[in-house]
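Working notes, structure below.
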Amino acid sequence: SYLVPSVLVWVDRLPLTSSGKVDRGSLPAVASGDSAVGYRAPRDGIELALRKIWLDLLPVEKISIGDNFFHLGGHSLLAVTLINRCNRDLGARLPLRILFEHPTIEGLASIIRKDERPSRSSPLVALQPDGFKPPLFCIHPAGGTVFCYMDLAQALAPDHPVYGLQSSGLEPDEMVPTSTEDMADRYVDAIRSVQRHGPYHLLGWSFGGLVAHAIACRLAASGETVALLALLDSGVPGPQDAAPDDATIIAEFANVLALAGGGARPAKEVGDIASFTKVARDSGMFPPDLTEHQAERLLAVYAATVRLPFGYVPPKYRGEAHLFVAAEGSDPRRLEASWAPYIAGALAITPVAASHERMTSPSACEQIAPRLMALIRSDLPEPSTDLIAAK
């Protein structure tokens, strides 16, 4: 049903980019409100309460129960706030990842009505679960969430499932990750819960590239085939590199929040992690409904995942890898040299017209997705992936 358009808009012609693709930014705005075709009103108290929460958080005036949270302007920080409000106002116990699987009022209301308690133990997030082609597993960057891969999942062919691997520590009952090795072991188990055997297709951006590499080594050591290891502007710190201090981590975290739509940077610099939450809230970086404990968890996971690469020595991967390099600011020779001791096979390099921070932006995904699809589909004959139906 989600493939059926809720609103139709006539245009004389589709605006195109220089590469011949549809220029989404130049398309006319589509109202999400009460057109005769698209709008569906809340049908019970739960849907009415959810709509009120959405209207409080999103920059729209009317919302249909079938509207997609992410299509209406929702981003990572608002998603945390939305789930927090649902749990607080409706007495639910929804994990953050449920919003990927049910991004509409109608979908969330269904979960709450059934009083389902989705397991919080699995790091697996279904970004695009449909299709029977080989799935792509995307490992989170520093910060631990996989919201950044939403545009990539949409840019890939709809018959290829896309799953994200999300860090522990984001939910109230979870511990912050303490080692890259433990993280990779946990993610291998999660991947195999969806795909029993290879060939496997792995992707990681920045810190996620290190974890994807570790996962590939573990799968290969167990006799499985890794058909694709894609690294998005990722490198390995050298032995002379030192982990960043608190002030540097906070400054980087502030940039991440600003890119995610969290408002302006703090009016003053704060070098103490414990004090950052209040300053960030006063500056409008955190949504007002984000609790102090949730904000501290987000920063704690970010700090942990930023520091994990330092002192970590990757194992040797015996296969090939594909490195996508941000053409705006990154040095391909430096990144290639950092991986050389840890990848025995060839390392193909593809430049992307983007900065490191924008490697999963819509424009970057338009460049990355065709190359990924070509690599995934290059396996001939295409073997069965033995997919398991995932809840």
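Heads up: numbering here begins at 1 and tracks the sequence.
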(message) Any heavy-atom pair between the side chains of Phe310 and Pro244 that's under 4.5 Å?
(response) yes
(message) Working to the nearest 0.5 angstrom, can you tell me the gap between Leu308 CG and Glu181 CD?
(response) 9.0 Å
(message) Is there a side-chain contact between Ile376 and Lys133 in this structure, where contact means two heavy atoms from C-beta onward sitting under 4.5 Å apart?
(response) no
(message) Closer than 3.5 angstrom, by distance alone: can the side chain of Gln367 be matched with the main-chain N or O of Ala353 as a donor-acceptor pair?
(response) yes
(request) Apply the test side-chain contact (heavy atoms from CB on, under 4.5 Å) to residues Thr180 and Val211: give CA-CA distance (whole Å), side-chain angles for both, the deciding distance (0.1 Å), then the verdict. (result) CA-CA 7 Å; Thr180 305; Val211 185; 4.2 Å; yes
(message) Less than 4.5 Å apart, side chain to side chain, heavy atoms only: is that true for Ser110 and His102?
(response) no
(message) Just by distance, no angles: are the side chains of Ser206 and His356 close enough, under 3.5 Å, to form a donor-acceptor pair?
(response) yes
(request) Following the transitive rule for hydrophobic clusters with a side-chain heavy-atom cut-off under 4.5 Å over Ile, Leu, Val, Met, Phe, Trp and Tyr, establish whether Leu55 and Phe70 coincide in one cluster. (result) yes
(message) Check whether Glu174 reaches the backbone of Ser168 with its side chain - one donor and one acceptor, N or O, closer than 3.5 Å.
(response) no
(request) Please check if the side chain of Tyr317 supplies one atom and the backbone of Ala220 the other of a donor-acceptor pair under 3.5 Å. (result) no
(request) Report yes or no: does His140 contribute a side-chain atom to a donor-acceptor pair with the main-chain N or O of Gly208 at less than 3.5 Å? (result) no
(message) Out of the candidates Leu228, Thr350, Leu229, only one should pair with Leu375 under the side chain to side chain contact (heavy atoms under 4.5 Å, CB included) rule; please name it.
(response) Leu228
(message) Looking at Tyr342, is its backbone amide N or carbonyl O close enough to the side chain of His213 to form a donor-acceptor pair, meaning the two atoms are under 3.5 Å apart?
(response) yes
(request) Taking the side chain as every heavy atom from C-beta outward, state whether Leu78 and Phe69 have any atom pair closer than 4.5 Å. (result) yes
(message) With a 3.5 Å distance limit and no angle check, can you tell me whether Asp241 reaches the backbone of Gly238 through a side-chain donor-acceptor pair?
(response) yes
(message) Main chain of Asp130, side chain of Gln128: is a donor-acceptor contact present, judged purely on distance under 3.5 Å?
(response) yes
(request) Could you tell me whether the side chain of Cys138 reaches within less than 4.5 Å of the side chain of Val162, counting heavy atoms only? (result) yes
(message) Using side-chain heavy atoms (C-beta onward) and a distance below 4.5 Å, is Tyr187 in contact with Ser167?
(response) yes
(message) Keeping Tyr149 on the side-chain end and Ile139 on the backbone end, is there a donor-acceptor pair under 3.5 Å?
(response) yes
(message) Assess, by modelled atom type and distance only, whether the side chains of Thr104 and Arg40 contain a donor and an acceptor separated by less than 3.5 Å.
(response) no
(message) Applying side-chain contact (heavy atoms from CB on, under 4.5 Å) to Trp54 and Arg85, what does each step give before you reach the verdict?
(response) CA-CA 10 Å; Trp54 287 39; Arg85 287 280 301 273; over 6 Å; no
(request) Can you spot which of Leu202, Leu210, Ile343 makes a side chain to side chain contact (heavy atoms under 4.5 Å, CB included) with Leu231? (result) Ile343
(request) Hey, could you give me the CZ/CG distance between Phe147 and Leu127, rounded to the nearest 0.5 Å? (result) 9.5 Å
(message) Between Asp67 and Ser64 (side chain of the first, backbone of the second, donor and acceptor by atom type, cut-off under 3.5 Å), is there such a pair?
(response) yes
(request) Classify the side-chain pair Asp245/Thr248 by whether it contains a donor and acceptor separated by less than 3.5 Å. (result) yes
(request) Determine whether Leu50 and Ile65 make a side-chain contact, defined as any pair of heavy atoms from C-beta on separated by less than 4.5 Å. (result) no
(message) Check whether Asn87 reaches the backbone of Leu94 with its side chain - one donor and one acceptor, N or O, closer than 3.5 Å.
(response) yes
(message) Please determine whether a side-chain nitrogen of the Lys or Arg among Asp56 and Lys52 lies less than 4.0 Å from a carboxylate oxygen of the Asp or Glu.
(response) yes
